[in-house]
Every structure is written in C-alpha cells, then in structure tokens.
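Owing to the predicted nature of the structure, the values given are computational and were not obtained by experimental measurement. Each chain gets a letter, A, B and so on, in the order its sequence line appears, and its residues count up from 1.
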2 protein chains.
Amino acid sequence: MSAPSADPPAQRDTTKARLYDAAAELFRTKGFAATTTREIAAALGIQKATLYHHIRRKEDLLYEMCRDSLARIQSAADEVLAESSDSRGRLVNLIHAHMVTSLGDRDKHAVMLAELRSLPLDESVEIFALRHEYELCIERTITDAQVAGVVRTDITAKDLRLSLLNLLNWTIFWFDPAGGRTPSELGELYAGLFLEGAAARPTAAADLGTSA
Amino acid sequence: MSAPSADPPAQRDTTKARLYDAAAELFRTKGFAATTTREIAAALGIQKATLYHHIRRKEDLLYEMCRDSLARIQSAADEVLAESSDSRGRLVNLIHAHMVTSLGDRDKHAVMLAELRSLPLDESVEIFALRHEYELCIERTITDAQVAGVVRTDITAKDLRLSLLNLLNWTIFWFDPAGGRTPSELGELYAGLFLEGAAARPTAAADLGTSA
DNA sequence: GTCTATAAAGAGATAGAC
DNA sequence: GTCTATCTCTTTATAGAC
C-alpha cells in the first residue's frame, strides 16, 4: 500500500503491456518513424499526452520491445539447447523454435529486425550485441553439427549461419497468421530444406541399379 | 534547343540521376520516413527548395527507385531465361543473377524491398504487382525444374519460391561491399546450398561399405 | 537551375488541472 | 492515471527573385 514513486518493476498485462502491443503493431505495419504518438494513443483510446505518463520518449517503446523480443527468442534457444541430445536434433529444434517464437511474437520481432536503426546509437549498439549473441548460438550449434559429421564442412559455419538466418528471418515480412502455413509447419519445412536441399534425389530403390 | 516544358523522358547521369542515387543511399540507411528533404539536398550540395525543381514530392523519389530496381532485376532474369538451356542451369543462373543484380544496385533494391509500405496506396499496389511478377518468374523456373526431375516435388513450387527468396533477399540487409564475399560468390554459395542442402553426405567411397 | 524567405501543417513533448 | 491546452521545433512544400 506504500506508494513507490519510481518505476513499477514488474507490471504485467496492464495498460503498459497494451501500450507496447499496440505500438509494436503500428511500428511493424508503418515503420517507427512513420508512426506518430497520436496514432499510438488513438489505438489505446487515450490522449496523446497520457502516453507520457507511461514512457519518457517514443524511442523507449522501440528499445523495450527490441529487448523483449530478443530475450524471448534467446530463452527459447537456451531451452532447446539444454534439452536436446544429438547435434542434428539440436539444430532442427533450434530452427523450429526460432520460427515458432519469432512468428508468435510477430510484431515485436519484426520491429526488432527492421527498425533497430531508428534507435539512438548507444541503444542500437546494445540491442545489436544481444542479437549477435543469439545468432552466435546458432553458429555454435552448426559448428557442433559439423564436428559431429552431420553438416557439410566445405562451407564455413559463419556462412551457414548467415544463410540459415536469411532463410528464417525474411519470413516474418510476408507471414500471414490467417494464411496457409503455421509457424510450426514453416519450422519443419525450413529445417528439412536447409539440411537436405531442394534437389531431387534418386530414391534408394532407384539408386540400386546405378551405384558406383 | 527547343525547350520542352514537360518532363524530360530520357535524362541520364545528370543531376536527376545523382539525386536518386543520393536519396537511395539515405533511404536505405535511415529509412524513407526518417530521411528529410534537407538531408537529401545537403548530400547533393544544393538547397532544399532546389529539389522541387526535379521532383514534385518526396514520394516520387521512392516510387521511381522502386520501379527502377525492379526493371533491372526483371530484365536480368529475362536475359538468363532466354539464354540458358537445361532447367537446372536456368535456376542456378537465375539465383546468380539475382544476387549480382540486387547487390549491384544495393541502395535502390534494399529500399524497394523494405520501404514499399511508405508509398501511397495506389503506387505501392503497382510496385508490388511488378515485384510479384518477377517472383513468379522464379516460381515458374522452379516448376520447370520439378517437371524435369531435378528439383524435389514433395515441396510445392510456391513454398520453394518463398524459401529461395528468403535465402536471397535478406542478404541485402547485412551485405558489406567491402566485406568478405562478392555478390557473385554469394550467388554460387546460395545456389549450391539451396539445391544440395547443408547436411553432410557420405562420399561415394565411404558409402560403399554401408549401403542398403 | 539555383537561391532566400516563408508558408502551413504536423511532430514530440510538457504544464498543470482534475 | 487521464485530461485539455499549449509550447517548440521540424517537416514538406511553395513563392518569387536572380
């Protein structure tokens, strides 16, 4: 009942959470710079000035949602890497978790990927470091799979990491939750495609006659 | 020497071309909405008002560079599809041309991919249609390769097209012309990875002992 | 084709009442 | 925690001289 005048540290599912959700959707759709504080306020049904009771600056919204989306996907990755056993399984599960987590948090994650440049320099450096840390988890998983002999070694782990993230990340810009594919299905699709490739392979039966 | 008062239709390498190049670099780096006409003018060493001798609105710059980048990549694709013979070769060459053309026109192409939403609705619809037309060229090439038996058919041509464009398009957001890979090398890398996959394959020799 | 000067609108953010 | 009212700055774009 005492009234702390500082920021409430663990305020969940309140006006603040609704504020961040509404802002994330607008930022993803229109971009950070093109979204006005008026529009964000209107989406919540409050006046523009009331926003500034919850945040200090418009950039606070962007910063917090970038941190939040990266914390979510990093924690999903940590969980996968802790539980999976073989190195191919870890890589497949990591791909799957990436799609389910990022598309399940579509607005914030897309904003983090595309609007990072709109942050003040020191904050964008901090967010970029978090993002790079996550991406290196993926690279380490690829390296492990190379060492275990299940991933080709004629392409560097770095090139494979960049290629894999290409394959995964662009999805969020065309993904339609009401469309044909669920995030989980896309995770399976990409894991299979990344590992096995798009080329047709002779079946085992068809291959018997032409071996060596 | 006669003075046409309408738009000069084929003015190349003039102030106008420099204007579009400067604007494209700013739009790619900062985003369309965050770039001011002052900054564009400053990049050219002219006054803000002078811009409006060359364009009517800031959006004109965006519209023209989107059209331009799509015309370039479409024409590169048409060329590849006209000359290549077998369907696998056409697909490989198309991937290669996509990387060389898009990264060779990095500023405009990145802006077209990322800032399309900042266009007025009717213009964004028009640009999106051009982009979709190009992407369907890729899908048709994939379908041809499936019919020819060189691309797997357990994934639809549409899913393969979307996956391939994921793999290719994201590159432009991290590509560094001064960095380690040329656009041509990336084209080779992606063509090989897309078709063959990242999984290690037993060599023919190693496979002999463990067959069936 | 470029300039100075300025118009007109919209932006982020604050003051202070309730 | 929300409001009305307003400040201050920046934005896009135009007017009109050179």
Under 4.0 angstrom between [X] side-chain N/O and [N] OP1 or OP2:
X	N	answer
B:His53	D:dT14	no
A:Tyr52	C:dT14	no
A:Thr50	D:dG1	no

Would you mind reading off the distance between [X] atom [atom1] and [N] atom [atom2], rounded to a whole angstrom?
X	N	atom1	atom2	value
B:Ile55	D:dT14	CD1	P	10 Å
B:Lys48	C:dG1	NZ	C1'	17 Å
A:Gln47	C:dG16	CD	C1'	16 Å
B:Lys58	D:dA13	NZ	P	8 Å
A:Leu51	D:dT2	CG	C1'	11 Å
B:Arg56	D:dT14	CZ	C1'	15 Å
B:Asp60	D:dA13	CG	P	9 Å

What residues in residues 27-38 of chain B put a non-hydrogen atom under 4.0 Å from any atom of DNA chain D? B:Thr35, B:Thr36, B:Thr37, B:Arg38
Working for salt bridge (Lys or Arg N to Asp or Glu O under 4.0 Å), residues B:Arg18 and B:Asp21: CA-CA 5 Å; B:Arg18 286 177 52 233; B:Asp21 287 346; over 6 Å; no
Below 30° counts as parallel, above 60° as perpendicular, anything between as tilted: where do the rings of A:His98 and A:Tyr134 land? parallel
Do the rings of B:Phe173 and A:Trp170 sit parallel, tilted or perpendicular, given the 30° and 60° boundaries? parallel
Are B:Glu64 and B:Arg57 ion-paired here, with the side-chain N under 4.0 Å from a carboxylate O? no
Quick one: is the NZ or CZ of A:Lys58 closer than 6.0 Å to the six-membered ring centre of A:Phe32, and within 45° of its axis? yes
With a 6.0 Å cut-off (strictly less than), is the heavy-atom count around OH of B:Tyr63, excluding the residue itself, greater than 12? yes
